[in-house]
Structure formats: C-alpha cells, structure tokens
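Inspection log for the structure reproduced underneath, given as structure tokens.
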Amino acid sequence: MELYQLTIHEAWELLRKKEISSVELTESVLRRIEETDDKIRAYLKVTPDLALQQAREADERRAAGDDTPLLGVPMAIKDVITTKGIETTAASKILEGYVPPYDATVTRKIREAGAVILGKTNLDEFAMGWSTENSGYFVTHNPWDLDRVPGGSSGGNAAALAADETIGSLGTDTGGSVRQPASFCNVVGLRPSYGRVSRYGVIAFASSLDQVGPMTKDVRDAAILLNYIAGRDPKDSTSVDVPVPDYTAALDADIEGMKVGLPREYFVEGMDPGVEKAIREAISTLEELGAEVREVSLPHTKYGVPVYYLVAPAEASANLARYDGIRYGLSIPGEDVWDSYEKTRGAGFGDEVRRRILLGTYALSAGYYDAYYLKAQKVRTLIKKDFEDALDKVDVIVGPTIPMIAFKIGQFSEDPTAMYLTDILSLPNALAGLPAISVPAGFSEGMPVGMQIMAKPFQEEVVLHVAYAFEQATEWRKFKPPLDAKAQEVKQ
Ligand code: GLN
C-alpha cells in the first residue's frame with residue numbers, strides 16, 4: 001500500500017499516531033501526480049512548493065497537539081473555486097492569468113483546518129458540461145479507460161481521486177457536476193442541499209443551483225469534508241442558518257426499517273442495460289440490509305431537462321456578463337470599449353459557453369421572459385412538489401446517478417443536445433434543492449456505475465447514512481483502475 005492510496009480518515013489515523021508525517025504523505029501524492037498526470041491530465045495546475053510548505057506547517061501544528069482530521073491532508077480544488085495567490089481560471093481562456101486576491105469561504109475553511117492544497121483540477125469551462133471536453137485547456141482522461149471521458153464538469157476531481165492523485169477534493173454541482181463524474185470514475189460525490197454550503201468566492205454559473213460538494217474516495221471522507229464546509233456564511237446571503245450536525249456521527253451501517261423509494265420514472269428507456277442491472281442489484285442489497293423498498297412516482301421528471309436548460313443558461317448569461325476584459329483575466333484592446341469587449345469575449349469564451357450565453361440572453365429578452373424563464377420557474381415548482389410528496393412517504397429516493405457509463409471522448413461532440421439528455425436523473429433534484437450523493441455501485445462493460453441517493457433538504461445525514469450502509473455492505477469502492485501493477489493488487 002502506498003501513502004497516496006489513503007483516504008482522508010485513513011491518513012488521519014496514521015498522522016495522529018505519528019506513523020507518518022504530512023510531508024511524507026504530500027511527497028507521495030506529488031510523486032504520484034508526476035508519474036501519472038501526463039496520462040490523465042486531471043490538474044490544470046499543481047502547486048508543489050506551496051503544498052510542501054503547508055505540509056511542514058501542518059506537521060508542526062500536529063506536534064503542538066492539534067488533531068483535526070484534515071490537518072496535513074492533501075486536497076485538490078476544482079478550478080472554479082477561488083484560491084488566494086493561486087491562478088483560478090474556471091478552465092476558461094477568459095480568466096487565464098487571473099490570480100485571486102482572496103479565498104472562497106470553502107477554501108479558507110479547509111486551509112484553516114490545515115489541509116494541504118495540491119493544486120487546481122480541470123473542468124468544463126465555467127462548469128458547463130459533462131466531460132471536461134469543454135475545458136478551454138485540455139481534456140481529462142478517465143483512469144478506467146483513457147479513451148473515455150471522466151465525466152464533468154468536476155472531471156478533474158473524479159479522475160484525480162480514481163488515479164490516487166489526491167486524497168480528497170472539493171467540486172461543484174449545478175446540475176450533476178459532482179455526482180456524474182463520481183459515477184463515471186468509481187468515487188463518491190455529494191451535492192449538499194441548496195444553502196448548506198457558502199458559495200462566496202465560487203465562480204458563479206447558475207446562482208439558483210450552484211453548490212460546492214465533497215468528492216472523495218469513500219463516504220466517511222465526504223462526511224468529514226462536509227463537517228468543515230457546511231454552515232451559514234455572512235458573505236453569502238443564500239447560505240442558510242440551519243444547525244450543522246456532526247455528519248460522521250450519522251455513519252451507521254444499520255438501515256433496518258428505513259423506507260427507500262424507487263421512482264418509476266428513473267428507469268428510462270434507452271438506459272444502458274448494465275447500469276440498470278447494477279442498480280437493481282444495489283437496491284436488492286439495500287433490501288437485504290432491512291430497508292423497505294417501495295415504488296414512488298416523480299411525474300414531472302421529464303421536464304427536468306428543458307427547465308434546467310432554460311434556467312441555467314439564463315442565469316449564466318447574467319453571471320458571465322462581468323467578463324469584459326477590463327476587470328479580470330484576458331483583455332484584447334480594440335478601437336473603443338465596445339470593440340475591446342467584443343474581441344475579448346469572442347476570443348475568451350469557448351463554444352459551449354457562447355451557446356449558453358446566447359440561449360440564456362434570448363430566454364431573458366423582453367417578450368420572451370414570461371414564455372420561457374417564468375414558465376420554467378413554474379414547472380420547477382411542480383418538480384419540487386413531486387419530491388415533497390414522495391419524500392413524505394419514504395426516507396430516501398434512490399436510482400442511477402446517470403443512465404449510462406462514461407462515454408468515449410468525442411462521442412457527443414457533434415450533438416450537444418444528445419448530451420443534454422444524459423442529465424435526466426441529476427437535474428430534477430438539483431432544481432428542487434435536495435442533497436444527493438453518488439456512491440460506487442457496480443460495473444458495466446468494465447466501467448463504473450454510480451447509485452444516487454437523495455433526501456429532503458438539509459437531510460445530508462440521512463443521505464450519508466444510507467450511502468455508508470450500502471458502501472460497507474459492498475466492495476465496489478475497493479476496485480481501482482488498471483493504471484499500474486500496484487493498483488491491480490488493491491483490486492484482488
Ligand atoms: N451537465 C450540466 C450542465 O452542463 C451540469 C453541470 C454542472 O453541474 N455544473 O450544465
């Protein structure tokens with residue numbers, strides 16, 4: 001076993017017993033990145049000097065008696081989350097060279113806890129996408145099959161975790177970006193409820209949907225990270241003042257008698273049969289553990305895609321208006337300010353971002369607002385109501401995270417609408433503001449499959465509880481991609 005293979009809680013155990021130092025652990029992960037990342041390309045930027053300096057400081061803090069779990073543990077941060085003094089681009093050319101003068105609240109919280117920041121992970125530009133193919137820099141490869149995408153938009157995080165190029169990580173989820181890549185790479189991704197975690201300093205995509213979420217190697221690690229980042233932040237008025245429990249206290253393998261809802265609408269036509277088989281087996285496992293599984297209905301599921309693809313681009317078009325070449329990043333001079341503005345935005349934004357700005361601006365324009373944005377918000381209320389009704393009858397709702405396995409790089413490049421449809425199971429709960437987790441739940445054609453578990457808003461502990469019970473009863477998370485002989489040993 002190499003140190004880079006550790007989870008957060010395993011690393012904590014060894015650090016607190018003084019069996020390893022943070023410097024040793026950090027050096028191991030940095031070496032792993034050096035050996036592996038030319039194949040995977042999970043990182044936009046690695047900051048080894050800073051990481052080692054933080055590791056040394058963490059070792060001193062621990063020697064002085066500090067015993068917090070994150071102290072000295074290497075972490076990767078999605079490049080849409082600002083990091084003071086470390087270039088933050090959201091994988092967009094328009095922010096190339098932007099070094100934030102401040103930390104996002106989530107960055108500050110984990111830095112104060114003594115986490116070691118390894119660097120910034122790749123994503124789809126401004127978190128718009130499914131695969132990291134929309135990154136303005138390069139595509140990240142899935143460690144399970146280098147010809148396939150790792151998912152997105154937090155694809156760099158998922159790939160880095162699967163390839164053991166980090167111990168833990170923070171991603172963001174607007175409509176699936178934490179959960180879908182977790183599913184494609186056999187790792188854990190938790191989207192917290194809307195309002196649970198501060199977005200201060202997180203580069204905005206769609207403000208009524210964006211959330212920061214832990215992406216980790218197992219469920220316990222997700223609970224540990226959520227303990228640090230959850231809670232009200234005066235700097236983000238959308239963060240809610242709901243008490244933050246100790247999420248690790250919810251990790252109990254006993255789910256006897258819990259009610260699990262299976263939405264009739266979630267086993268969609270055209271779904272990969274291997275994914276369906278894996279999820280049906282996962283549900284049988286929950287039953288064997290004593291859960292009571294019953295069918296529920298979420299009748300407005302089919303409107304999730306159209307509603308999201310109106311709301312998210314509309315909000316994005318407003319949020320992205322600030323990239324004008326004057327305040328941050330790229331700036332192309334022109335004949336006058338409008339010319340400079342057009343040239344900068346024309347050169348700085350990629351195709352998908354441009355498409356969304358166009359769609360969103362159209363949907364918000366005079367005369368169309370009522371027909372599109374307002375209508376979409378009304379249907380969003382119906383989607384929310386579906387979940388409220390179902391979650392009155394059951395404790396959690398489960399289903400596939402995405403009805404397919406990781407696709408080949410380039411497979412959808414000619415047909416973005418086909419890709420929009422793959423989000424069918426990750427958008428409705430995001431629109432409703434629910435917490436949801438994706439946990440490793442099997443394989444189809446040798447590629448990972450994730451099961452999604454969701455509950456009522458602010459019931460992250462319920463989601464974590466069921467996810468933990470499932471994880472403890474199965475072996476899926478222990479499988480590692482066939483990157484090298486060492487990883488193979490873990491698989492046996
Ligand atoms: N795939 C969705 C999109 O392209 C969700 C992305 C996200 O959650 N950031 O918008």
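Just follow the structure's listing: the first ligand is 1, and inside any ligand the first atom is 1.
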Quiz item: Quick check: does Ser177 get an N/O under 3.5 Å from an N/O on ligand 1?
Solution: yes
Quiz item: How does Ala127 reach ligand 1, by side chain, by backbone, by both or by neither, if only non-hydrogen atoms under 4.0 Å count?
Solution: both
Quiz prompt | Among Arg108, Lys235, Lys84, Arg111, salt bridge (charged side-chain N to carboxylate O under 4.0 Å, His left out) partner for Asp103 | solution = Arg111
Practice problem: Give yes if a backbone or side-chain nitrogen or oxygen of Phe205 is under 3.5 Å from a nitrogen or oxygen of ligand 1, and no if not. | Solution: no
Quiz item: For atom 5 (C) of ligand 1, what's the nearest protein heavy atom and its distance?
Solution: Tyr308 OH, 3.3 Å
Quiz item: Would you say Arg356 touches ligand 1, if touching means a heavy atom closer than 4.0 Å?
Solution: yes
Exercise. Could you check atom 2 (C) of ligand 1 against the protein and tell me its nearest heavy-atom contact, residue, atom and distance included?
Key: Asp423 OD2, 3.2 Å
Quiz item: Less than 4.5 Å apart, any side-chain heavy atom of Thr344 and any of Ile94?
Solution: yes
Quiz item: What are the atoms of ligand 1, with element, lying closer than 4.0 Å to any heavy atom of Ser153?
Solution: 9 (N)
Quiz item: Do the non-hydrogen side-chain atoms of Asp79 and Asn122 ever get within less than 4.5 Å of each other?
Solution: no
Quiz item: Is there any N or O on Gly129 that sits under 3.5 Å from an N or O of ligand 1?
Solution: yes
Quiz prompt | Test: Glu112 and Lys109 ion pair at under 4.0 Å | solution = no
Quiz item: Going by the atom numbers of ligand 1, which of them fall below 4.0 Å from some non-hydrogen atom of Trp130?
Solution: 1 (N), 4 (O)
Quiz item: Does NZ belonging to Lys343 count more than 12 external heavy atoms closer than 6.0 Å?
Solution: yes
Exercise. Determine, stepwise, if the pair Arg220 / Thr7 fulfils side-chain hydrogen bond (donor to acceptor under 3.5 Å, both in side chains).
Key: CA-CA 9 Å; Arg220 180 172 294 280; Thr7 62; over 6 Å; no
Quiz item: Non-hydrogen atoms of Ala312 versus ligand 1: any pair closer than 4.0 Å?
Solution: no
Quiz prompt | Test: Lys277 and Asp272 ion pair at under 4.0 Å | solution = no
Exercise. May I ask you to check whether over 12 heavy atoms, not counting those of Glu414, lie within 6.0 Å of atom CD?
Key: no
Quiz item: Where on Tyr309 is there a heavy atom closer than 4.0 Å to ligand 1, on the side chain, on the backbone, on both, or on neither?
Solution: side chain
